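Just the heavy atoms: all of them, side chains too, but no hydrogens, waters or symmetry mates, feed the values below. Keep in mind that this is a model prediction, so the values were computed, not measured. Counting starts at 1 for both ligands and their atoms, following the listed order.
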Amino acid sequence: MNLKNYLLTARWTFAFIIGTVWSVFSCQAINPPFVIKHLGDGQSIVQIENQKKFLLLPVEEASPEAKLYMIADNDVVRNMNVRLAINKVDYFVPVDLSGFDNKSLSFNFQLIPDTAICWNEMKLSDTFDTANREDFRPLYHFTPQYGWMNDPNGMVYKDGVYHLFYQYNPYGSMWGNMHWGHATSTDLVSWEHQPVAIAPDALGTIFSGSCVVDKDNTAGFGAGAIIAFYTSASDRQVQSMAYSLDNGKTFKKYARNPILTSTQRDFRDPKVFWHDATDKWIMVLAVGQEMQFYSSVNLKDWTYESSFGEGQGAHGGVWECPDLIELPIEGTELKKWVLICNINPGGPFGGSATQYFVGTFDGKNFVNESPKMTKWMDWGKDHYATVTWSNAPEGRHIALAWMSNWQYANDVPTTQYRSGNSVPRDLSLYTSDGETYLKSSPSRELLTLRGKGEKKRSFKVDRTYNMDKLLADNTGTYEIEMTIKNRNAEVIGFQLFNSKGEEVDIYYNLVEKKFAMDRAKSGIVSFSPDFPVVTFAPIEDNYEMKLRIFVDKSSIEIFGDDGRLAMTNLIFPSEPYNRISFYAKGGSYTVSSFQVYKLK
Ligand code: FRU
């Protein structure tokens, strides 16, 4: 071969190699542990080589949801919707690959352009870092380690352990892919994260529901089984069950799911409890804008009993997440039934909220004793999906709410996780002017959070009384306790504020007979026009008012008069409110026993 021919051949060989490489790479991205094949029209296959514990997927929250199918030896074993990064990476979410060690794993991706950055950013790893990255993450309220959370689900107490399950998206910090996440506690204030309890299946994703302890083995899964009832949600909503024979560690789905179906589109959130008087299980379901009651002797076969709701209470949206409990009336030997009814939208300040009805329940019908009234359980904007623990000790009825609002829950300024729960509250009833109301008292376990207490102070306020830096060494997690005695003031108020001029204004307007919290200048509020509102509660004509105020990194929960008044609101200050200032309008008042506790 002469030099000319040699150069020509070399040139063609070089061109051939470049061409081949180019053509391969044009439909196949370079990311070594993966073989990525783009198939056109947004479809791609990613084959995984050198499998590790997690596939870490890059998420961009502004991206639309892409559909992913996880395939093991040609069978689809899981599918999920993920907002895969197209232009930038907000964070990573892990797909757990363990349990498939001997299989060939691949993923089928749909609806993602070949040019998206996710192809270069996805990784395999044996670890996923869950260390907290959020300044707004509460210290003593439950939050998921990462990902999205909404309603508390399946709350049940057994053998000294409080179980909390919850609506969970492990593949992003926005709503989707509903699973039941799981956490346990022995004291209601410190929580241990547990593996996901119930994952989606061919019947759908896992919507809200409840658990019972089947002490007498009525369902036949075993005495003491924890049985979970949840809504399988796909195009239609149907009720399903799963049981745990290891105290809630793992659940097995009942093979004959679903156990209850309907032609109604909104048919969900089963709350099951044992009704002593009729010796039956009762299931309450949220169906459109009413609650339906079913009964059963074996937890598997359910008989329709009645519906409740038409013309009663608020109807600005669908009814969701019911609960039905019998509660004692303070100062009497009497009990009444309370139907908790979460509603979205249609809450008193827009979006979601918890209403309730007081009345009788005979195992068939719930009768509301005050059909003309609408009663709200909490007068803040961030108190939803409230339900109580099943089988709680000492006959307690302990409630927990999701501390957000559907109007902006997906937009709040956190990314590693979204949303926490309220503090636990013990429910009871009290009577005022012949009407029976729900009282939500902070559960006694919250006292164990109290660290150092500031000395008790008493003072009179007739104009502005600035206790600058009183809360200065606080990290934004504290409880304030005080008793206010009115001396002809028209407005009794105080502001919690920080050095950045961010504040919440909390006041009694005694002329308008309301208690209010204004978070318009509380910090970050611009993520939703529905966020910076004033929430207010009607108040009784009191001369003396007791307040307990729980402040955490991104929430304020106010309890007046041991829970007759409850107000729960989120806040996102750029630094903790470490100052407080009292003011009076048109008269004066005294504050006695003012005390601040750091909460650990
Ligand atoms: C209430 C709710 C429930 C449903 C769940 C879905 O917040 O809409 O009715 O089961 O959330 O995540």
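With a 6.0 Å radius and a threshold of 12 heavy atoms from other residues, nucleotides or ligands, D135 has its CG atom at or below the threshold. The environment of F536 atom CZ is sparse: at most 12 non-hydrogen atoms of other residues, nucleotides or ligands sit within 6.0 angstrom.
In terms of polar-atom proximity, defined here as any N/O pair under 3.5 Å, W402 makes no such contact with ligand 1. The shortest N/O to N/O separation between Q167 and ligand 1 falls below 3.5 Å.
For atom 10 (O) of ligand 1, the closest non-hydrogen atom of the protein is D269 OD1, 2.6 Å. Protein heavy atom nearest atom 2 (C) of ligand 1, with residue, atom name and distance: D151 OD2, 3.3 Å. E320 OE2, 2.9 Å is the protein heavy atom nearest to atom 8 (O) of ligand 1.
Ring-centre distance between W337 and H275: below the 6.0 Å cut-off. For an aromatic pair to be called close, the ring centres must be under 6.0 Å apart, and F550 with H141 fails this.
Residue N344 does not touch ligand 1, judged by heavy-atom distances below 4.0 Å. Contact annotation for S208 and ligand 1: heavy atoms of both the backbone and the side chain come within less than 4.0 Å of the ligand.
For the pair E305 and K364, the salt-bridge criterion is met [side-chain N within less than 4.0 Å of a carboxylate O].
At least one heavy atom of W406 sits less than 4.0 Å from an atom of ligand 1.
Considering Y171, F128, F92 in turn, F128 is the only one that fulfils the ring pair (Phe, Tyr, Trp, His ring centres under 6.0 Å) rule with Y146.
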